Amino acid sequence: MGNEAPAVDPVVESTAADIAAMRIRGAAAIADAAAAALAIQAERSDAVTPGAFRTQLRVAARTLYETRPTAVSLPNALRYVLRGTDGDSVDELRSSTIDRAETFREDLEDAQTTLGKIGSNRLRDGDVVMTHCHSTDALACIEAALDDGKRIEAIVTETRPRKQGHITARELREWGVPVTLIVDNAARRYLDDADHVLVGADSIAADGGVINKIGTSGLAVNARERGVPVMVAAQTIKLHPGTMTGHTVAIEMRDETEVLTSSERSEITDLEDGDDGFTVENPAFDVTPPRHVDAIVTEHGQFPPESVVTLMRELFGETTTEPWET
Ligand SMILES: O=P(O)(O)OC[C@H]1O[C@H](OP(=O)(O)O)[C@H](O)[C@@H]1O
């Protein structure tokens with residue numbers, strides 16, 4: 001009995017469920033929600049010994065970690081908070097965890113503001129920006145450019161299958177930015193009207209490869225062919241330390257119901273028992289090779305993708321076992 005994994009706070013469970021179902025989505029928002037959930041776990045912990053507190057926190061971190069595999073901001077957030085958990089008593093552990101989570105969340109917000117200012121330098125008055133999916137880091141660049149009085153227009157891809165382009169369009173319209181919404185397949189046609197492609201990232205690999213919403217790599221290849229620069233807005237929590245030691249970034253495969261309804265499926269297969277010869281694949285992300293990316297904009301400055309590894313080493317050092325695995 002004593003060896004059973006301790007129960008985690010219901011808020012941790014519900015945050016994990018919200019991340020998995022994408023009610024909380026976007027790499028930065030996921031990291032923020034995970035840190036907030038760990039703080040609540042710490043605050044409400046019923047552990048009576050430091051060992052029990054730490055075990056409970058590790059189980060909470062693992063619960064959050066197992067929700068979605070691609071955005072490295074999630075493990076980076078969990079690692080940051082857990083490594084700051086310090087003290088000899090439950091009370092000390094509790095308050096250090098809460099403080100650390102708060103610091104993380106504040107830094108996250110500050111980093112996005114700084115990144116936005118840096119990224120806005122690439123945008124000139126009157127520029128047209130093509131976006132893909134919904135990225136708060138990418139939008140921070142546009143917001144900063146607008147704050148500087150620049151007029152910006154946007155071409156927004158719908159971003160199948162979940163149409164997060166609609167979120168981008170709504171936000172840009174709230175800021176008064178003229179928006180043209182297009183289906184993903186129209187991107188190449190409209191690149192001639194764009195001065196930049198601006199996207200976010202879920203993970204950045206050590207070789208400068210950008211892991212972002214499915215369709216980004218095709219868009220970047222087309223942009224290169226059209227001579228339109230591709231700018232990736234990514235706070236340093238999107239840097240994937242594991243890729244420095246040869247790990248690849250797992251690409252999340254999501255449910256086929258995001259792509260087609262069951263009645264659409266049965267129109268295709270027309271078989272009550274299903275059809276073994278018909279498969280739907282729904283990868284949520286793809287990898288854009290560094291040669292198709294012009295700049296990665298972080299809160300520490302802009303980097304050619306190939307040089308991002310230097311920053312990665314500086315910030316993360318050598319990777320070790322994750323705290324929730326021990
Ligand atoms: O952190 P921010 O810039 O907000 O978002 C970064 C990326 O996270 C999103 O993934 P999803 O919608 O969670 O699958 C998109 O791929 C977006 O570009």
Side-chain angles (χ1 to χ4, degrees), residues 15-36 64-65 67-77 104-105 107-116 118-120 129-144 154 156-172 184 187 196-205 209-220 230-240 249-255 258-259 282-288 293 296-299:
T15 303
D18 285 346
I19 294 171
M22 291 180 69
R23 288 184 291 273
I24 296 172
R25 55 144 295 280
I30 289 170
D32 182 63
L64 294 158
Y65 173 71
T67 52
R68 293 186 74 193
T70 304
V72 74
S73 51
L74 174 59
N76 283 350
F104 177 83
R105 299 182 72 198
D107 288 353
L108 194 67
E109 213 180 306
D110 291 348
Q112 192 166 79
T113 308
T114 307
L115 171 158
I118 294 169
S120 72
V129 177
M130 184 179 285
T131 65
H132 186 59
C133 199
H134 171 258
S135 156
T136 54
D137 281 353
L139 284 174
C141 300
I142 297 182
E143 190 177 21
V156 173
T157 62
E158 179 186 41
T159 318
R160 281 278 290 159
R162 295 183 67 101
K163 298 185 180 168
Q164 292 110 320
H166 292 195
I167 309 170
T168 302
R170 188 183 61 228
E171 230 162 281
L172 289 171
D184 302 339
H196 310 265
V197 167
L198 169 59
V199 295
D202 293 83
S203 283
I204 307 273
V210 173
I211 296 87
N212 193 47
K213 185 58 51 183
I214 190 77
T216 304
S217 65
L219 179 58
V230 176
M231 159 182 178
V232 175
Q235 298 179 52
T236 52
I237 51 150
K238 316 285 178 65
L239 301 179
H240 197 304
V249 179
I251 300 290
E252 178 181 10
M253 301 299 287
R254 295 192 61 86
D255 201 85
E258 292 184 344
V259 177
N282 184 19
F285 304 100
D286 62 23
V287 185
T288 302
V293 174
I296 295 176
V297 179
T298 76
E299 74 276 22

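Everything numeric in this text was worked out from a predicted model, so none of it was measured. Just follow the structure's listing: the first ligand is 1, and inside any ligand the first atom is 1.
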Heavy-atom nearest neighbour of atom 16 (O) of ligand 1 within options D202, D286, L115, L139: D202

Ligand 1 atoms in contact with A27 (distance to a heavy atom under 4.0 Å): 1 (O), 2 (P), 5 (O), 6 (C), 8 (O)

Residue part near ligand 1, for C133, under 4.0 Å between non-hydrogen atoms: side chain

Side-chain donor/acceptor of D137 to backbone N/O of L115, under 3.5 Å: no

Contact partition for K238 relative to ligand 1, non-hydrogen atoms under 4.0 Å: side chain

Closest protein heavy atom (residue, atom, distance) for atom 14 (O) of ligand 1: K213 NZ, 2.6 Å

M22 and ligand 1 - part of the residue with a heavy-atom distance under 4.0 Å: side chain

Mode of R68 contact toward ligand 1 - side chain, backbone, both, neither (heavy atoms, under 4.0 Å): side chain

Top protein contact for atom 12 (O) of ligand 1, by heavy-atom distance: R25 NE, 2.6 Å

D32 side chain vs R105 backbone, donor-acceptor pair below 3.5 Å: no

Donor-acceptor contact present, side-chain T70 to main-chain A250, <3.5 Å: yes

Winner among A201, A71, G26, G200 once heavy atoms are compared against atom 6 (C) of ligand 1: A201

Side chain N282, main chain D255, donor-acceptor under 3.5 Å: yes

S73 side chain to A27 backbone, donor-acceptor under 3.5 Å: yes

Q235 touching ligand 1 at heavy-atom level, < 4.0 angstrom: no

